[in-house]
A.B. asks: 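Sharing a structure with you now.
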Amino acid sequence: MNRIHAILLLTSLAAAAGAEDFQITITNTGPQPLSPLFYSASTNQFDIFSVSGSASTGIKNVAESGDATALLGIAAGGTGVGTFGLVGASPLVPGASRMLTFSADAAHPFFSFAAMLGKTNDGFIGESVSSAGLQLFSGGVAQSLDISVLGTRAWDAGTEKNTQDAADLGFLGGSGNPQEDAGENIIRVHGGVIPNVGDSWSQMPAWDATTQLAHIQVQAVPEPSSYLALGAGALMLIRRRRKS
């Protein structure tokens with residue numbers, strides 16, 4: 001097989017396989033620190049949480065302590081999961097950004113994510129298949145996502161009562177786990193930091209419905225059309241070398 005045929009074959013295989021590299025960039029644009037971001041690309045069978053439903057152990061641990069170990073384990077054994085992981089290994093402070101590159105294919109198009117709002121009892125940001133249905137592919141073609149997470153998409157996991165007391169807040173060294181009241185133990189929109197409730201409410205950075213808590217970009221690298229451009233460019237380079 002000559003070099004021209006090899007390049008054309010490589011280009012056609014890359015386009016046909018439906019596999020793409022994506023670069024995810026998360027920027028903490030809000031007042032709350034965020035735990036390392038869990039992400040996954042899956043079919044619609046893998047739903048990391050459902051609004052008005054009960055939180056899994058994975059979401060509970062993320063929302064209460066920022067620990068994604070259980071959620072990673074659920075993803076490892078989950079049906080329809082193509083790829084998953086964490087962006088970073090430490091809390092993301094306000095104003096900071098971090099990036100990671102991962103691969104996904106058109107058979108697992110749904111993008112989900114979750115991270116703790118670090119100075120809350122059990123607050124988190126995230127989207128799931130059922131909450132937003134974000135997709136990395138449309139008609140088999142990779143597409144980029146630009147996600148602004150506003151205060152209206154901050155979630156209460158419903159696993160811990162929002163006492164706002166230091167004894168129950170991990171960032172203040174607390175280890176309490178008061179159960180949420182009956183009827184309130186479901187995933188719902190977070191009510192935010194409540195003034196004058198608990199002994200540590202003033203240390204919990206507040207937000208409102210219009211606050212942008214995070215900005216998440218997921219970009220295909222290279223963009224889908226770049227495969228053909230790459231092959232064409234390489235072909236032209238070979239031709240020029242032969243003429244010279």
Side-chain angles (χ1 to χ4, degrees), residues 24-39 48-53 55 58-68 71 86-88 90-99 111-128 130-132 134 145-174 176-178 180-181 184-218:
I24 178 171
T25 304
I26 175 171
T27 303
N28 186 340
T29 55
Q32 286 271 344
L34 301 172
S35 67
L37 188 80
F38 168 88
Y39 71 90
I48 63 172
F49 70 89
S50 176
V51 179
S52 297
I59 288 295
K60 168 185 166 70
N61 289 357
V62 167
E64 289 186 6
S65 65
D67 183 358
L71 190 53
L86 290 180
V87 182
S90 60
L92 184 66
V93 299
S97 298
R98 58 175 55 127
M99 295 184 300
F111 177 74
S112 302
F113 65 91
M116 180 190 185
L117 290 163
K119 294 186 177 182
T120 64
N121 281 101
D122 60 344
F124 72 102
I125 62 169
E127 296 295 352
S128 64
S130 62
S131 74
L134 300 170
L145 302 174
D146 193 280
I147 308 159
S148 291
V149 183
L150 300 180
T152 50
R153 304 301 283 184
W155 308 110
D156 188 318
T159 57
E160 187 174 73
K161 190 171 182 177
N162 298 333
T163 64
Q164 303 187 152
D165 287 332
D168 305 319
L169 293 166
F171 79 97
L172 292 175
N177 186 23
E180 181 61 275
D181 294 334
E184 296 294 319
N185 54 347
I186 59 172
I187 295 175
R188 60 194 187 276
V189 175
H190 200 291
V193 177
I194 308 169
N196 302 308
V197 171
D199 60 29
S200 300
W201 68 270
S202 62
Q203 299 181 63
M204 301 169 64
W207 70 91
D208 61 33
T210 64
T211 304
Q212 188 187 62
L213 298 172
H215 184 212
I216 298 170
Q217 293 179 301
V218 187

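Since the model is a prediction, treat every value here as computed from it, not as a measurement.
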A.B. asks: Which atom pair, heavy atoms only, marks the closest approach of Ser112 to Ile48?
C.D. replies: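 Where Ser112 meets Ile48 most closely, the heavy atoms are CB-CD1, 3.9 Å.
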A.B. asks: Students often mix this up, so state it plainly: with edges at 30° and 60°, are the rings of Phe124 and Trp155 parallel, tilted or perpendicular?
C.D. replies: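 Geometry flag for Trp155 against Phe124: tilted rings.
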A.B. asks: Do you know the tightest heavy-atom contact between Asp156 and Gly158?
C.D. replies: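 Taking every non-hydrogen atom into account, OD1-N, 2.8 Å.
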A.B. asks: Please report the C-alpha distance between Thr152 and Val189 in whole Å, then the side-chain angles of each, then the deciding distance to 0.1 Å, and finally whether the side chain to side chain contact (heavy atoms under 4.5 Å, CB included) criterion is met.
C.D. replies: CA-CA 7 Å; Thr152 50; Val189 175; 5.6 Å; no
A.B. asks: State the CH2-CG distance between Trp201 and Asn196, to the nearest 0.5 angstrom.
C.D. replies: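 Rounded to the nearest 0.5 Å, the CH2-CG separation comes out at 4.5 Å.
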A.B. asks: Would you say Glu180 and Glu160 make side-chain contact, with heavy atoms under 4.5 Å?
C.D. replies: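 A side-chain contact is absent here, since even the closest heavy-atom pair is not under 4.5 Å.
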A.B. asks: Closest heavy-atom contact between Ser35 and Val62?
C.D. replies: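 Here Ser35 and Val62 meet closest at OG-CG1, 4.5 Å.
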A.B. asks: Where do Ser148 and His215 come nearest, in terms of heavy atoms and distance?
C.D. replies: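 Closest approach of Ser148 to His215, heavy atoms only: OG-CD2, 4.1 Å.
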A.B. asks: So Ile125 and Leu34, side chain to side chain contact (heavy atoms under 4.5 Å, CB included) or not? Walk me through it.
C.D. replies: CA-CA 9 Å; Ile125 62 169; Leu34 301 172; 4.1 Å; yes
A.B. asks: Once you round to the nearest 0.5 Å, how far does CG of Asn28 lie from OG of Ser97?
C.D. replies: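 That separation rounds to 8.5 Å.
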A.B. asks: Look at the side chain of Thr27 and the backbone N and O of Thr29, then say whether any donor-acceptor pair between them is shorter than 3.5 Å.
C.D. replies: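 Pair absent, no side-chain N/O of Thr27 close to backbone of Thr29.
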A.B. asks: Measure the spacing between CG of Asn121 and OG1 of Thr159 and express it to the nearest 0.5 Å.
C.D. replies: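 The distance works out to 9.0 Å.
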A.B. asks: Indicate the atoms forming the closest heavy-atom contact of Leu150 with Ala209, along with that distance.
C.D. replies: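 Residues Leu150 and Ala209, closest heavy atoms: CB-O, 3.8 Å.
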A.B. asks: Working to the nearest 0.5 Å, report the span between CG of Leu169 and CD of Gln164.
C.D. replies: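 One gets 7.5 Å once the value is rounded to the nearest 0.5 Å.
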A.B. asks: Is there a donor-acceptor pair under 3.5 Å between the side chain of Arg153 and the backbone N or O of Gly151?
C.D. replies: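 Flag not set: sc Arg153 to bb Gly151 has no pair under 3.5 Å.
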A.B. asks: Where is the tightest heavy-atom contact between Pro91 and Pro36, given as atom of each residue plus distance?
C.D. replies: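 Taking every non-hydrogen atom into account, N-CD, 4.3 Å.
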A.B. asks: Side chains of Tyr39 and Val218, heavy atoms from C-beta outward: is any pair under 4.5 Å?
C.D. replies: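 Not in contact.
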A.B. asks: Without hydrogens or angle criteria, can the side chains of Thr210 and Asp208 be said to hold a donor-acceptor pair below 3.5 Å?
C.D. replies: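 A donor-acceptor contact under 3.5 Å links the two side chains.
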A.B. asks: Looking at OG1 of Thr120 and CG of Asn162, how far apart are the two atoms once the value is rounded to the nearest 0.5 Å?
C.D. replies: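 The distance works out to 7.5 Å.
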A.B. asks: Tell me every residue that passes salt bridge (charged side-chain N to carboxylate O under 4.0 Å, His left out) with Lys119, counting only those two or more places apart in sequence or in another chain.
C.D. replies: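 Scan of Lys119 (salt bridge (charged side-chain N to carboxylate O under 4.0 Å, His left out), adjacent residues dropped) gives none.
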A.B. asks: Counting distance only, does the side-chain N/O of Glu127 pair as donor-acceptor with the main-chain N or O of Leu134 below 3.5 Å?
C.D. replies: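 The answer is no, because no donor-acceptor pair under 3.5 Å joins these two groups.
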A.B. asks: Find out whether Leu92 and Arg98 are in side-chain contact, i.e. whether some heavy atom of one side chain is under 4.5 Å from a heavy atom of the other.
C.D. replies: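 Yes, at least one pair of side-chain atoms sits under 4.5 Å.
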A.B. asks: Is it true that Lys60 and Asp122 have a side-chain N and a carboxylate O under 4.0 angstrom from each other?
C.D. replies: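 Answer for the salt bridge query: no.
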A.B. asks: Report yes if the side chains of Ile216 and Leu145 come closer than 4.5 Å at any heavy-atom pair, otherwise no.
C.D. replies: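 No, every pair of side-chain atoms sits at 4.5 Å or beyond.
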A.B. asks: So do the side chains of Pro178 and Asp168 get within less than 4.5 Å of each other, counting heavy atoms only?
C.D. replies: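 Answer yes - side chains close enough.
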A.B. asks: Are the side chains of Ile24 and Phe111 in touch, meaning some heavy atoms are under 4.5 Å apart?
C.D. replies: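 With C-beta onward as the side chain, the pair touches.
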A.B. asks: Could you grab the distance from atom OG of Ser130 to atom CD1 of Ile187, nearest 0.5 Å is fine?
C.D. replies: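 Rounded to the nearest 0.5 Å, the OG-CD1 separation comes to 8.5 Å.
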A.B. asks: Report yes or no: does Ser128 contribute a side-chain atom to a donor-acceptor pair with the main-chain N or O of Ser131 at less than 3.5 Å?
C.D. replies: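 Present.
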A.B. asks: Is the shortest side-chain heavy-atom distance between Trp207 and Gln212 below 4.5 Å?
C.D. replies: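 Answer no - side chains too far apart.
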A.B. asks: Given side chains that start at C-beta, do those of Leu213 and Pro31 come closer than 4.5 Å, heavy atoms only?
C.D. replies: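 Side chain of Leu213 against side chain of Pro31, heavy atoms only: contact under 4.5 Å found.
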